[in-house]
Amino acid sequence: MCPNCKKNIEYDKESLKCKQCKMDLKLVKNYINFSKNKKTELYNIPKNLLKKLNNDIDINGYDKAVEKFSEQNPQYIKFLSDAKAADGVFHCLKKDNHLCLEIGSNLGNSSEILSKIFHYVYSLEWIEENIEFQQKRFENKSIKNITIFNCDLLKLPFSDNHFDLILCNGLIEVIGNIEKSSNIENLQKQFLLEIKRITKNDGCICIGVENKRNFKKIIESDIPFPQLEKQKRKYYFNEYKKKFEETGLSNKAYWVFPSFYRPYFSGRLDDKTSISWFYKNIRKFLLREKQSKLKNRLFFVFGKIDSLINHFFTKNFVPNIIFCCYKTNQFKSYEDILLEQNKESSFLLVSRSLRLILILFKFNKPKKIISIDRIGKDFPNKIFEHKKTFPHMQVPNSRVWEEKWIDGKEMNPNKIDEISMAINWLMNFQVKSKNGWFTDIEKQKEIFLIRESLKNLKISNNQKYFECIDKYEKYILSNKIPKVSCQGDFWYTNILINKKNNEVNILDWENFKKSESPFFDIVMFFYRLFFVKKRKISNIYDYDKNIDTVIKKIIPNIENHLKFKFYLVLLLQFFILKKIIFTNMKKEEKNWHIQILESLMNRNQ
């Protein structure tokens with residue numbers, strides 16, 4: 001629709017034309033500019049860095065340029081490639097999702113995710129450097145269902161009742177820097193009325209806002225548009241709520257942590273049960289290196305406080321809030337449907353690497369979890385229960401499924417008794433899943449591939465690596481190696497320990513394989529335990545003491561399980577050599593792995 005005269009626009013794949021007001025706009029790389037004079041300084045990433053990034057893409061290609069930029073500017077990765085960035089919209093999704101508009105789409109990260117959920121997405125952005133980057137991004141990834149455009153926020157070029165979802169994060173506070181007005185309050189109201197106009201009667205508007213009172217400095221929350229911090233028009237929770245209701249928008253409010261840019265945890269702001277449980281268990285979810293003494297003390301205190309006080313504190317001091325706004329009572333989210341089917345009202349939404357987890361509560365305790373794949377256009381009508389019993393361990397072939405809640409704490413990698421419990425679970429799993437033996441031909445096939453690949457790898461003084469392969473070959477050919485099932489991602493972030501019941505439970509079975517070497521899960525576990533801390537590479541000289549303790553206390557049990565000598569150091573050498581050969585690593589990471597390998601080769605079993 002023409003934003004000026006409100007008549008229909010003719011579209012011929014190369015331009016947009018309005019016969020009424022003679023508007024003629026070129027469509028260039030899926031971008032339309034309805035507002036050529038709009039200028040703003042709303043940069044999440046400094047302008048000079050964006051220009052440099054776009055120039056580098058032209059010279060070296062998209063992937064190399066983005067990789068280089070991320071290495072040099074890790075603080076901005078969250079705006080480039082966070083797969084969880086749009087998870088907050090789940091609260092607003094319907095069963096079927098067709099048209100979506102993101103206002104203030106920045107570098108296109110959320111729009112890209114939304115293009116995998118909606119049939120078509122419109123990306124409204126006004127910064128030239130951001131628009132240029134989005135064009136390169138979507139072209140590189142062959143994304144065809146996104147149109148980028150720029151326009152007056154009070155004259156959106158769409159007909160009434162057009163969108164299923166409109167997403168705008170951090171915009172209400174800074175709209176005065178986009179559309180100039182002496183009356184910011186009136187400008188905000190006009191904008192809300194305009195996005196209400198183009199939202200379907202059964203659609204939703206997802207608005208992320210900054211709370212005027214907040215403790216973001218304590219938890220290091222994201223600060224959108226930091227250069228405009230003093231100019232932002234922020235409000236208290238009740239003021240936002242009143243502002244939306246004055247424009248006829250009913251709403252549900254959600255707390256979100258750590259921010260609406262990274263909505264890793266969220267729940268209803270009026271749900272005292274989930275808020276209280278979250279504070280009591282937050283330390284289980286936080287990365288260990290992020291758990292400062294201040295944060296630990298803060299969340300320890302929250303965990304001990306009465307739920308009413310926690311609710312008051314969250315409502316008034318949580319850094320960011322997500323409002324799901326709708327203009328009629330026709331709106332029903334898929335979240336509402338799930339809650340109705342389970343006859344529950346208390347829940348917590350958790351973002352994991354591949355999917356969302358909806359934790360449902362009963363009598364103030366978790367009752368079950370519903371797993372929801374992040375990607376997909378529609379949701380199923382029926383949700384079935386998945387029971388992990390061997391051999392049915394792999395992830396179901398469905399976008400949504402439910403499981404019973406499993407009690408336990410994430411395995412502590414610093415406690416030898418918990419390491420022992422995890423390895424004992426793995427050995428029992430391998431005994432149950434044994435399905436044959438590796439032949440010498442199968443063993444030699446892997447070794448041949450490694451040798452040939454090493455010949456083509458540019459590593460100086462690689463003769464010692466061939467010697468490592470020779471030792472490995474002699475070792476596995478002299479032992480009878482069983483074929484067993486493989487969990488595929490066996491490490492402490494996926495291992496729950498319940499010491500009261502002496503139980504171990506394993507999460508995330510996406511990489512499950514029915515037949516694999518018993519070495520895979522065991523060696524992967526120890527590699528991550530010694531060298532990788534929560535996806536952060538550890539100092540390579542920290543492992544010696546740990547490896548000696550494991551060899552002394554854990555290895556005898558593994559040898560009893562396998563019925564032959566278990567040479568952990570040799571197996572780690574071979575595992576890391578394979579990673580160097582077959583993994584597409586950055587130079588720094590590759591050199592780091594070579595250092596590990598060299599260090600391991602200089603010590604005895």
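As a basis for the values below, the full set of heavy atoms in this structure was taken, side chains included, without hydrogen atoms, waters or symmetry mates.
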Legend entry - Heavy-atom check, side chain of Pro518 versus side chain of Pro482, under 4.5 Å: yes

Inset, instruction - May I ask you to decide if Pro556's main-chain N or O and Asn560's side chain share a donor-acceptor pair within less than 3.5 Å? - result: no

Inset, instruction - Let me see the working for Asp417 and Lys553 under salt bridge (charged side-chain N to carboxylate O under 4.0 Å, His left out), right down to the final yes or no. - result: CA-CA 9 Å; Asp417 63 324; Lys553 296 188 177 182; over 6 Å; no

Legend entry - Atom pair CD1/CD1 of Ile581 and Ile469 - distance to nearest 0.5 Å: 5.5 Å

Legend entry - 4.5 Å side-chain heavy-atom contact, Asp407 and Asn505: no

Legend entry - Main-chain N/O of Phe525 paired to Tyr492 side chain as donor or acceptor, under 3.5 Å: no

Inset, instruction - Verify, without hydrogens or angle tests, whether Ser70 (side chain) and Val66 (backbone) share a donor-acceptor contact under 3.5 angstrom. - result: yes

Legend entry - Taking every non-hydrogen atom, the tightest pair across Phe347 and Asp271: N-OD2, 3.0 Å

Inset, instruction - Nearest 0.5 Å please: distance from the CZ atom of Phe582 over to the CG atom of Leu449. - result: 4.0 Å

Inset, instruction - For the pair Ser333 (side chain) and Phe90 (backbone), establish whether a donor and an acceptor sit closer than 3.5 Å, ignoring hydrogens and angles. - result: no

Inset, instruction - On the 0 to 90° scale, with breaks at 30° and 60°, tag the Phe574-Tyr472 ring pair as parallel, tilted or perpendicular. - result: parallel

Legend entry - Option passing salt bridge (charged side-chain N to carboxylate O under 4.0 Å, His left out) with Lys368 (candidates Glu402, Glu385, Glu344): Glu402

Inset, instruction - Indicate the ring-plane relationship of Tyr475 and Phe519, choosing parallel, tilted or perpendicular according to the 30° and 60° boundaries. - result: parallel

Legend entry - Lys464 atom NZ: more than 12 heavy-atom contacts under 6.0 Å: yes

Legend entry - Heavy-atom side-chain contact between Ile423 and Asn557 under 4.5 Å: no

Legend entry - Main-chain N/O of Lys78 paired to Arg262 side chain as donor or acceptor, under 3.5 Å: no

Legend entry - Ser353 backbone acceptor or donor facing Arg374 side chain under 3.5 Å: yes

Inset, instruction - Determine whether the side chains of Glu335 and His91 contain a donor N or O and an acceptor N or O closer than 3.5 Å. - result: yes

Legend entry - Residue Phe564 excluded, over 12 heavy atoms near CZ under 6.0 Å: yes

Legend entry - Donor-acceptor contact below 3.5 Å, side chain Asn73 vs main chain Gln75: no

Inset, instruction - Could you verify whether a donor N or O on one side chain and an acceptor N or O on the other, from Glu598 and Tyr465, lie under 3.5 Å apart? - result: yes

Inset, instruction - Measure the shortest side-chain to side-chain distance between Asp508 and Arg352 over non-hydrogen atoms and say whether it is less than 4.5 angstrom. - result: yes

Legend entry - Flag side-chain contact, heavy atom, 4.5 Å: Asp82 against Tyr264: yes

Inset, instruction - Determine the minimum heavy-atom distance between Cys206 and Gly88, stating which atoms define it. - result: SG-O, 4.3 Å

Inset, instruction - Report the relative orientation of the aromatic rings in Phe429 and Trp425; use parallel for angles under 30°, tilted for 30 to 60°, perpendicular for over 60°. - result: parallel

Legend entry - Verdict with reasoning, Phe466 to Asn462, per side-chain contact (heavy atoms from CB on, under 4.5 Å): CA-CA 7 Å; Phe466 284 106; Asn462 64 2; 3.8 Å; yes

Inset, instruction - Start with the C-alpha gap between Ile555 and Tyr567, add the side-chain angles, then the distance that decides, and say whether side-chain contact (heavy atoms from CB on, under 4.5 Å) holds. - result: CA-CA 9 Å; Ile555 298 305; Tyr567 291 122; over 6 Å; no

Legend entry - Nearest non-hydrogen partners of Leu600 and Gln573, listed with the distance: O-NE2, 3.1 Å

Legend entry - Heavy-atom side-chain contact between Lys578 and Glu446 under 4.5 Å: yes

Inset, instruction - Can you establish whether the number of heavy atoms outside Lys513 located under 6.0 Å from its atom NZ is more than 12? - result: no

Legend entry - Which atom of Ile481 lies closest to which atom of Ser517, heavy atoms considered: CG2-OG, 4.4 Å

Inset, instruction - Please report the closest heavy-atom contact between Glu403 and Ser371, naming both atoms and the distance. - result: OE2-OG, 3.8 Å

Legend entry - Approximate separation, where rounding is to 0.5 Å, of Ile476 CD1 and Lys443 NZ: 6.0 Å

Legend entry - Distance in Å, Leu570 CG paired with Met601 CE, rounded so as to fall on 0.5 Å steps: 9.5 Å

Legend entry - Close aromatic pair by centroid cut-off 6.0 Å: Phe278 and Phe257: yes

Inset, instruction - Measure the acute angle between the ring planes of Trp277 and Trp405, then classify it against the limits of 30° and 60° as parallel, tilted or perpendicular. - result: perpendicular

Inset, instruction - May I ask you to decide if Asp489's main-chain N or O and Asn511's side chain share a donor-acceptor pair within less than 3.5 Å? - result: no

Inset, instruction - Test side-chain contact (heavy atoms from CB on, under 4.5 Å) on His386 and Val395 and set out the steps. - result: CA-CA 9 Å; His386 175 52; Val395 170; over 6 Å; no

Inset, instruction - Would you mind reporting whether Lys252 and Asp336 have side-chain heavy atoms less than 4.5 Å apart? - result: yes

Legend entry - From Phe490 atom CZ to Leu507 atom CG, the distance as rounded to the nearest 0.5 Å: 11.0 Å

Legend entry - Under 3.5 Å: donor-acceptor pair, side chain of Asp521, backbone of Gly488: yes

Inset, instruction - Flag the pair Ile357 / Ile370 as yes when at least one side-chain heavy-atom distance between them is below 4.5 Å, and no otherwise. - result: no

Inset, instruction - Locate the shortest heavy-atom distance separating Ser485 from Asn435; write the atom from each residue and the value. - result: N-ND2, 4.0 Å

Inset, instruction - Could you please spell out the steps behind the salt bridge (charged side-chain N to carboxylate O under 4.0 Å, His left out) verdict for Lys409 and Glu418? - result: CA-CA 10 Å; Lys409 293 183 178 180; Glu418 295 192 17; over 6 Å; no

Inset, instruction - Applying side-chain contact (heavy atoms from CB on, under 4.5 Å), run through Glu112 and Leu107 and close with a yes or a no. - result: CA-CA 10 Å; Glu112 179 182 332; Leu107 297 177; over 6 Å; no

Legend entry - Reported OH-to-NE2 distance for the pair Tyr527 and His593, which is rounded to 0.5 angstrom: 2.5 Å

Inset, instruction - Look at the side chain of Asn211 and the backbone N and O of Val318, then say whether any donor-acceptor pair between them is shorter than 3.5 Å. - result: yes

Inset, instruction - Using the side-chain hydrogen bond (donor to acceptor under 3.5 Å, both in side chains) rule, pick out the option among Asn169, Asn44, Asn109 that qualifies with Tyr261. - result: Asn44

